Peer 1: 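This is the structure I want to talk about, given as structure tokens.
Owing to the predicted nature of the structure, the values given are computational and were not obtained by experimental measurement. Sequence lines set the chain letters: A, B, ... in the order given, protein chains first and strands last, and positions in each chain run from 1.
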Amino acid sequence: MTNLGGSKMSQHKQIRIALNNCGVIDPENIKEYIARDGYLALGKCLTEMKPEDIIREIKDSGLRGRGGGGFPAGLKWEIAAKNQADQKYVVCNADEGDPGAFMDRSILEGDPHAVLEAMAICGYSMGATKGLIYIRAEYPLAIERLKIAIEQAREFGLLGKNLFGTDFEFDIEIRYGAGAFVCGEETALIHSMEGLRGEPTIKPPYPAESGYFGKPTNVNNVETYANVPIILRKGANWFNKIGTEKSKGTKVFALAGKIKNVGLVEVPMGTTLREVIYEIGGGIENDKKFKAVQTGGPSGGCLTEKHLDTPIDFDNLVQAGSMMGSGGMIVMDEDNCMVSVAKFYLEFTVEESCGKCSPCRIGNKRLYELLDRITQGKGEMEDLKRLRNMSNVIKDTSLCGLGQTSPNPVLSTLDNFYDEYVAHVVDKKCIAGQCKDLMTYFVIEENCVGCTACARVCPVGAITGEKKEVHYINPEICIKCGACEERCKFDAIIVK
Amino acid sequence: MEEKSMSDIKVKVKEKDLIKIQEICKSFDNKPGELINVLHKTQEHFGYLPAEIQEVVAQELDVAVAKVYGVVTFYSFFTMLPKGKFPISICTGTACYVRGADNVLQEFKRQLNIEVGETTDDGKYSLNCLRCVGACGLAPVVLVGDKTYGRVSPEGVKEILEEYQEK
């Protein structure tokens, strides 16, 4: 149903590891996956490697969690392996809730077997026989492809009992999300899989000690798993040569917003934002001026011109006031108001906060109200201090990752676009022309020829005037939709 | 006060609907841990999850109605209100937002004269926002039922609605 884009996108500077098979194989035919060395890694692991060898290989590769946190995957597996229990679980987090990101969906739709293979490998290394994929109900095609893939893997004896002639068994079930962003947090995700409200709990205990129904559970994101089979085929030393010192391999980004080429990009860690936006993305749509790029979704921040040459990796992005997140990369131009962008993310957080802890439930609501006031021109300078103070309190005191990162869009825009906040508060102006309460439409009398085009297009009848005479916009009725300005051929309508 | 057992609840659900819900619960072995899966299937069948239906589910899975209600209201995918014949969903994910989804939403509200979450009086259209369908390449995106419309502008709203006028 959707277009991934990317056809116009330059392959230059891109390396395909996680997306290696996407668009190349028929995802509904397991033989095509096998033909591209699929399930070779699983076979090698089960017949030639001990569980601790696999964990060492993953640790040596330097693979870090691609869901956002960047926790070393090998370490996570090791902890889960060390905890003894009669049953353990391997969970795949496919609850891609970050608005503006679609990497996981594309991997599941394009290469579902890579995820299944990796989960089985993980199961063998930590001593689990059951896998669960928690996927959003909003992704029907990905669900369908996963079901087909699981079925085919079972038929081919790649899931089930006695895999590769060993006594290892492993099988995978699908669990459905129901639309809650907080379920991307691993403890919340586990509660949701248990049929409960998806509310997070304090860590420790970590899921690796006590997860799904109290059993040791390893939770990794789709993209993290997609890297695993190829690492074990080509070796940790192949993988850890790609990327930067502390972030190895590649990262898939969903490039969207005001950019010429929209779509998925997979680049080695250490690529700069400029290379992604200009060389791969083709630059800003309509050749407008670049203003900001938002990474990390509602937990991330807005980076500016001065960050364009920063090499992208987990640590650099945090240092710059944003974060890697799951890989959403939204480009904004001069027409986007940064106060409104912060407000947009806060609106999201307020809606998605589970309400369990008060800093997140109440604090984010208050942040939203302050931002709303500012965009309506009712803000005062003291509000900017309040925004910062409250943001820091929410970060320090929230229970889970959602609240601990939710003020990032506010803090990063305050840091990088302080002038824009001041313009809203002091001059009551929105430079980008997005805050409707701060705008008024005027007719420039000298330019108006009285063609009546504006009056005809106005949806609320706010424009009056006789033919061939100067028209007038009634500010009381005007809804500031901008239709008249777009229609006027004589540049007679302006916004102030 | 006399304690009321779960079976005393008088549900205003038709006999055949009752059987359907029982069937769904049974297909998941009446396990409380399958509550979300059960609700998915139930909503798929009935279109929404009114209080009466939640009561039956609670009874079948042997959990408190409050727990079922807690789950239904927690997840945005579940709804307690019936949707219109043509449910309209506007994506308000970041990519769509940056490309003007809000203006499209305002235009739908104006044309249909309803707010988000409401259904028109004739039961034909309902309006909802959703968070990212992963079609960011087509932003802003509008869904009518299962059909996807990409690169929608406020001017295009009328055209979309006209498609369903006669249906």
Peer 1: Please state whether the side chain, the backbone, both or neither of Leu196(A) comes within less than 4.5 Å of a heavy atom of chain B.
Peer 2: both
Peer 1: Pick whichever of Glu352(A), Glu347(A), Glu351(A) has the most heavy-atom pairs under 4.5 Å with chain B.
Peer 2: Glu351(A)
Peer 1: Less than 4.5 Å to any heavy atom of chain B: does that hold for the side chain of Val182(A), its backbone, both, or neither?
Peer 2: side chain
Peer 1: Heavy-atom cut-off 4.5 Å, strictly under: side chain, backbone, both or neither for Tyr345(A) against chain B?
Peer 2: side chain
Peer 1: Where do Glu199(A) and Cys354(A) come nearest, in terms of heavy atoms and distance?
Peer 2: CG-SG, 3.9 Å
Peer 1: Side chains of Thr295(A) and Ser322(A): is there a donor and an acceptor less than 3.5 Å apart?
Peer 2: yes
Peer 1: Look at Ala101(A), Ala483(A), Ser192(A) and state which one has the largest set of heavy-atom pairs under 4.5 Å with chain B.
Peer 2: Ser192(A)
Peer 1: Given that the side chain runs from C-beta out, which part of Glu285(A) has a heavy atom under 4.5 Å from chain B: side chain, backbone, both or neither?
Peer 2: side chain
Peer 1: Quick one: pull up CZ in Phe102(A) and CD in Glu96(A) and give me the separation to the nearest 0.5 Å.
Peer 2: 9.0 Å
Peer 1: Counting neighbours of CD on Gln87(A) that are heavy atoms of other residues, nucleotides or ligands and sit closer than 6.0 Å, is the number greater than 12?
Peer 2: yes
Peer 1: Walk me through whether Asp333(A) and Lys258(A) qualify under salt bridge (Lys or Arg N to Asp or Glu O under 4.0 Å).
Peer 2: CA-CA 6 Å; Asp333(A) 69 9; Lys258(A) 305 276 185 70; 3.1 Å; yes
Peer 1: So which of Ala254(A), Gly257(A), Gly198(A) has the largest heavy-atom pair count under 4.5 angstrom toward chain B?
Peer 2: Gly198(A)
Peer 1: Here's a test for you: under side-chain hydrogen bond (donor to acceptor under 3.5 Å, both in side chains), which of His191(A), Arg175(A), Lys130(A) qualifies with Tyr212(A)?
Peer 2: Arg175(A)
Peer 1: Please determine whether side chain to side chain contact (heavy atoms under 4.5 Å, CB included) holds for the pair Ser299(A) and Met323(A), giving the CA-CA distance in whole Å, both sets of side-chain angles, and the decisive distance to 0.1 Å.
Peer 2: CA-CA 7 Å; Ser299(A) 314; Met323(A) 67 184 281; 3.6 Å; yes
Peer 1: Given a strict heavy-atom distance threshold of 4.5 Å, which part of Cys183(A) is in contact with chain B: side chain, backbone, both, or neither?
Peer 2: side chain
Peer 1: Select, from Leu35(B), Ile36(B), Leu61(B), the one with the greatest count of heavy-atom pairs under 4.5 Å involving chain A.
Peer 2: Ile36(B)
Peer 1: Tell me, for Pro459(A) versus chain B, whether the close heavy atoms (under 4.5 Å) come from the side chain, the backbone, both or neither.
Peer 2: both
Peer 1: Counting heavy-atom pairs closer than 4.5 Å to chain B, which one of Ile259(A), Ile330(A), Val457(A) comes out on top?
Peer 2: Ile330(A)
Peer 1: Run the numbers on Lys26(B) and Glu23(B) for salt bridge (Lys or Arg N to Asp or Glu O under 4.0 Å), then give the verdict.
Peer 2: CA-CA 5 Å; Lys26(B) 212 169 168 204; Glu23(B) 264 173 31; over 6 Å; no
Peer 1: By a 4.5 Å heavy-atom criterion (distance strictly below it), what part of Lys67(B) contacts chain A: side chain, backbone, both, or neither?
Peer 2: side chain
Peer 1: Looking only at side-chain N and O atoms, does Lys436(A) offer a donor or acceptor that is under 3.5 Å from a partner on Asn103(B)?
Peer 2: yes
Peer 1: Name the region of Met193(A), side chain, backbone, both or neither, that has any atom closer than 4.5 Å to a heavy atom of chain B.
Peer 2: backbone
